[in-house]
Amino acid sequence: MELSKNFEPQSIENKWYHHWLEKQYFSSLPDDREPYTIVMPPPNVTGVLHMGHCLNNTIQDILIRRARMSGKNACWVPGTDHASIATEAKVVGMLREKGIAKSSLTREEFLKYAWEWKEKYGGIILQQLKKLGCSLDWNRTSFTMDKDYYASVIKVFVDLYEKGLIYRGKRMVNWDPVGLTALSDEEVIFKEIDSKLYYVNYKSADDSSLSITVATTRPETILGDVAICVNPSDERYKNIIGKEVIVPIINRRIPVISDDYVDATFGTGALKITPAHDKNDHLIGTKYKLKIIDTLDEKGSFTDIDLKDDQPSSQVLSYVGMDRFALRKKIAEDISTIGQLEKTESYKGQVGTSERTGAVIESRLSLQWFLNMEGFMKKNPDTLHSVMNDTIQFHPSKTKNTYSHWLENIKDWCISRQLWWGQQIPAWYDKEGNFVVAENEEKAKVAYAQKYSDSNPTLQQDEDCLDTWFSSWLWPIEVFKGISHPGNKEIDYYYPTTTLVTGQDIIFFWVARMIMAGYEYKGSVPFKDVYFTGMVRDKLGRKMSKQLGNSPDLLALIDQYGADATRFGIMIASPAGNDILFDESSLEQGRNFNNKIWNALKLVKMWEGRQDETAIENQFALDWFENRLREVSIEVDNLMQQFRISEALKTIYSLIWDDFCSWYLEWVKPGFEQPISKSVYEKTIHYFTELLQLLHPFMPFITEEVYHLLSERTDDICNRQQQPVAPAEEEMLRNGQLLKNVITGIRDIRNKQQIKPKETIELFIQTEEKAIYKKIETILAKQTNTEKLSYTEENVASAITSVIGKDKLYIIAKQPVNSDNQIAELQKELDYFKGFLLSVDKKLSNEKFVQNAKPEIIALERKKKSDAEAKIKAIEESLSLLK
RNA sequence: GGGAGCAUAGCUCAGUUGGUUUAGAGCAUCUGCCUUACAAGCAGAGGGUCCGCGGUUCGAGCCCGUGUGCUCCCA
C-alpha cells in the first residue's frame, strides 16, 4: 500500500464520521454504567458556526470522547435555542425585504413565516458541528420550542405564578425602541459615547431675580420635567428650594426640591426630574409623589399624549412624531433661540444599548411580567451556597466571585418580551383587564369562572412572549423531559449532568438561572463542574466582529487545514479560563503535527515486512518508552481532572513529537534496509496505538485513520477502552534522561567544534556509574556517530571535553580541536556553577536557615553543594588540560 | 462611580501550601544540515531586573501594602 507524502484530512473525515454514526458510538441509553452527561449550550437556531462555538464544542467533544473511552456511558445532547429577539429580528428583516411589514400580519401569519424560516435555516450550525467531529447523540437533538419543551415552559410559568413568585407590574424597564420590546438588565450593554452636556436655564415663576441652571444630556425629555432637584446642603441653591420655576417651551410650573441623591459636584449641582424617562428620576418622583409625564412613544418619538393639561402650544405640537435624536437638536435650538441655553460642553457618558439591535435603550414605564428574585433566592439559598462551597465547581475558580456578586445584588427578572416568536405568556384577560394565569384557554375559563363568577367570559391571551432565557434555564432538565414528563427513566439516569462548558459572558443569563431552576424543579444542582471558556479574540487581542472583518470563516479553515488541525490550533492556544488570541499559525502547527504522525506511520509501515526473529533487541529503548508512556498517561489524567486541557494537549504533543519520534523511533530504527526485531516491531505498534488513544479525543480523525492503517483491526479507536496504567519506574526515566543529556551534549560539541554530522568520532567516558552507561552505550554510539566507544579512569589528552553531571566525556575527532572555543565554553560553565555554589554556601552558612528550614530542604541544599563541587572539579581538570 | 482579575523571554502562556540547581514550555529568532519517515523536516543554540517601590521571612516569581498599566463585569 502506498501512503501519500503528507496527511490528507479532506479524504478521510467524512468517511470516519459516517462510520462512527453507523456504529452508533455516539448514541446513549441508560444502562448500568456510570453516566457522563454534557448538554450543549444551545446556539441560536439560525446561527452559524463561529470561533466561540468551535472552542467550546471542541472542549466538550474532548471531554465526552475521553469519558466514552474510559468506561463511562457518555451522552452529549445537541440542540438549538429559539432565541426570540434575534430570530424575530431576522424574520422581520427577511419580510421587509419581501415588502411585508410585520404590522400587516396577524400573529398566526407571522409565526407561519417564522417556522418556515426556522425549518429552512435552523440547525445549519448543528450540521457544521459534524464537520468539526463532534460526537453528539443526534437522536436527542432538542429545540426550545419543541412541543413538550414549550409545554414545560408554560407549566413552569404557571407554577411560579401560583407560588407567588411571578407578578405583573408597571415598572421602569429597559425599552428597546427599535426591537419594540422590554429587555432584562442583562441584555443591556453599556457603551461609552461622546455626547453633549446642555446647560439649560429655568426661570423662577414668581421672582424674576431668581433662576436655576441645569446640566442635562437629554434636553429632548425637558417637556416631561416635573421638578428640579438639588442637594439640601448646597449653599448655592438654599434660597430657591421650595420655590417654583418655569420649564422652557412648555411653560409648566414645577417645584425646586432637595434630596441627598443629587451630586452637588456634577454639572451645576441641579438635576431636572423626568420620572417617565429615567430610572433614578422615577425613584425620586415616587418618593415625592410627583406626576409622571411621558413624552416619548414606544418608538422613541415625541408624543403629546400626556401634555393635555399643559394646553400645548403649536410649537410643542410641531414636535409630535419627531425622533428622539432629531428632537434633542431641535429643542436645544429652540431653547437657545429664547436665550435659555447657557452653553454646551462635550461629555463622555455611559449609554445603555440593546444587546440584539444596538439601539440606545430608553427607560420606560410599562406593564411587564417579573420573577421575584428575592423570594426565589429565599426559597433556594443553595443557588449561591452550592457554588461557594464547591458542590458545583467553577473553573477557573475566580468566576465564583462574579457569580456571588451578581446573586447578592440581584434585581427582579423582567421575563416578558413584546415579541411573537417564543412561548406566549399564559395569561388571559377580560375586557376590564382582569386576568387569570393557566396552562391553556380551557383551564383559564374554568379559573376565571371561579375567580370572577362568570362562566362564559370573553378572554384574550396576553400578546407577549417570554424571555428566551426563561426557556433555556430549563435546558439540562427538559432535554430529558424532566419537566414535561417528570420521573422518567432518562431524567433519573442522566441528571444531574456532569460538566457544563460555556462562555463567561453568559454566567448570569444562563448558568446562574440553570442552577436556580435545578434547585426549584429537581432539588439539586444541574451539573457538577462548569468550565468557562474565555472569549476568542484575534491575535492583536481585539474582539472578533463583523465590522473589523477579523472573524475567520471556520468552515474554510477546516477545508484548508482539516478538522483535527483546527481543533489542535484552537486548543493549544487556549489557556484555561483566559481569553484566547486566535492566530492561524497555530492551525499550521496542528497541520504539521498531523504530518509528523503520518510520517511516523510511514516509517513504521516500512518495517512491517522486515521483521526478523534474530535481529538485535533494543531492550533499553523499549523499557524507557514504556515508562515514559505511563508517566505521561498519568500526568494527562491529572491535567484533565483539573480541566487543564490545553496543557494536556501540549504534554501529549511533546510525548509524540519529541519522545516518540525524535528519540524512541531513532533509537530502535534499524540501519538502511536492515531487518528489525519482531518483538521491537510489535512493541512499537503497541506504543503507537497507545499514543493514538491518548490523542484521539483531541484529534479524532487522524487517530482513527492511523489506528486502522497501523494494523488489522476489528474495532475502532473511537470506542477503544483505556486500560489502567501502572506507575512509571523512576530509575528507567532517569536513565533515559541521562542518555538524552549525553547525546545532546555530544551533538552540541559537534556543532560548536563544527564536526560534520557524517564524520565519526572516538568517545571516552570517565564515570563512576559504568553499569548504567553499559545499558545505553549502543544507542549512544549510534546517535552520536561514534565509531569507537570506551571507558577510561583518567584524563584523555588532546580531546574535546564535556562534563555531563559528574561524568566526563572525551571526544576525539579527526580534525584539529579549536581549544580557544573549548576554553571559552568551559569557562562559561565554570562561572555559572561557581556562582551557583556561592548562593548555596551562603544559605548553608546562615545559622537561621539551618535552624529553621525543614530537614529535607537542608539535605537537598547539601546535595546541591556536593554536586556543584564535583562539577566544578571536573570542569577545572578539563580546563587545566587545555591550557 | 462600585467590583473582580491580570502584569514572568520578541509573542502566547506554565510555574501546585514560600525552599526541587541564580525561572520552564510552545511559537518566533539565530547557526549548521537536501542524514534513505518527515525541509510543513532534522540537530543545536541564544534570549528574562519575574511591572516599579516598600514590607513580612533564614529564604519571595509566589505572601502583605502601595504605585503604575491593561482587561472584564456591574451601575
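Residue numbers begin at 1 in each chain, while the letters A, B, ... track the order of the sequences. All of these numbers come straight from a predicted model, not from anything done at the bench.
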Pairwise 5' ranking along RNA chain B for A:F833 and A:S585, keeping only the more 5' one: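 It is A:F833, whose closest nucleotide lies nearer the 5' terminus.
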
First encountered from the 5' end of RNA chain B, between A:D658 and A:K740: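 Nearest nucleotide further toward 5': that of A:D658.
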
So, is [X] near the phosphate of [N], with a side-chain N or O under 4.0 Å from OP1 or OP2?
{"X": "A:R537", "N": "B:C72", "answer": "yes"}
{"X": "A:N6", "N": "B:C38", "answer": "no"}
{"X": "A:K596", "N": "B:C42", "answer": "yes"}
{"X": "A:W663", "N": "B:A43", "answer": "no"}
{"X": "A:R644", "N": "B:G15", "answer": "yes"}
{"X": "A:Y403", "N": "B:C74", "answer": "no"}
{"X": "A:K752", "N": "B:G44", "answer": "no"}

[N]: pairing nucleotide in any strand, Watson-Crick or G-U under 3.5 angstrom:
{"N": "B:A9", "answer": "none"}
{"N": "B:C51", "answer": "B:G67"}
{"N": "B:A60", "answer": "none"}
{"N": "B:U29", "answer": "B:A45"}
{"N": "B:U20", "answer": "none"}
{"N": "B:U35", "answer": "none"}
{"N": "B:C72", "answer": "B:G3"}

Heteroatom pairs (N/O) under 3.5 angstrom, protein to nucleotides 3-12 of chain B:
{"unit_1": "B:A4", "atom_1": "O3'", "unit_2": "A:N401", "atom_2": "ND2", "d": "3.2"}

Identify whether any heavy atom of [X] sits under 4.0 Å from a base atom; if not, whether one sits that close to sugar-phosphate; answer base, sugar-phosphate or nothing.
{"X": "A:E666", "result": "base"}
{"X": "A:M535", "result": "nothing"}
{"X": "A:E673", "result": "nothing"}
{"X": "A:S654", "result": "nothing"}
{"X": "A:W607", "result": "nothing"}
{"X": "A:D748", "result": "sugar-phosphate"}
{"X": "A:S662", "result": "sugar-phosphate"}
{"X": "A:R747", "result": "sugar-phosphate"}
{"X": "A:Y832", "result": "base"}
{"X": "A:K863", "result": "nothing"}

Ring center gap for A:F643 and A:H395 short of 6.0 angstrom: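 Yes.
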
A:L603 CG - B:U35 C1' separation (whole Å):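 Those two atoms, CG and C1', are 13 Å apart.
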
Atom pair distance, as rounded to whole Å: CD1 in A:I857 and C1' in B:G59: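 Distance, rounded to whole Å: 10 Å.
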
Suppose you measure atom [atom1] in [N] against the same atom in [M]; what distance do you get, rounded to whole Å?
{"N": "B:C73", "M": "B:C27", "atom1": "P", "answer": "33 Å"}
{"N": "B:C72", "M": "B:U12", "atom1": "P", "answer": "15 Å"}
{"N": "B:C13", "M": "B:G61", "atom1": "C1'", "answer": "15 Å"}
{"N": "B:A25", "M": "B:G46", "atom1": "P", "answer": "11 Å"}

Residues forming a side chain to side chain contact (heavy atoms under 4.5 Å, CB included) with A:Q589, sequence neighbours excluded: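 In terms of side chain to side chain contact (heavy atoms under 4.5 Å, CB included), with neighbours along the sequence ignored, A:Q589 is linked to A:F568, A:I572, A:Y653.
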
CD (A:E876) with more than 12 external heavy atoms under 6.0 Å: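 More than 12 heavy atoms, drawn from other residues, nucleotides or ligands, come within 6.0 Å of this atom.
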
Would you check if there is a donor-acceptor pair between the side chains of [Y] and [X] at a distance under 3.5 Å?
{"X": "A:K683", "Y": "A:S677", "value": "no"}
{"X": "A:T684", "Y": "A:Y664", "value": "yes"}
{"X": "A:N599", "Y": "A:K5", "value": "no"}

Should [X] and [Y] count as an ion pair when the cut-off is N to O under 4.0 Å?
{"X": "A:K863", "Y": "A:D867", "result": "yes"}
{"X": "A:E666", "Y": "A:K782", "result": "no"}
{"X": "A:E825", "Y": "A:K752", "result": "yes"}

Among B:C27, B:A37, B:A45, the one nearest A:T744 by side-chain distance: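 Minimum distance to the A:T744 side chain belongs to B:A45.
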
B:A40 base / A:N595 side chain donor-acceptor hit below 3.5 Å: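 Side chain to base: pair present.
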
Candidate pair A:S845 and A:D841, rule side chain to side chain donor-acceptor pair (under 3.5 Å), full reasoning: CA-CA 6 Å; A:S845 60; A:D841 270 338; over 6 Å; no

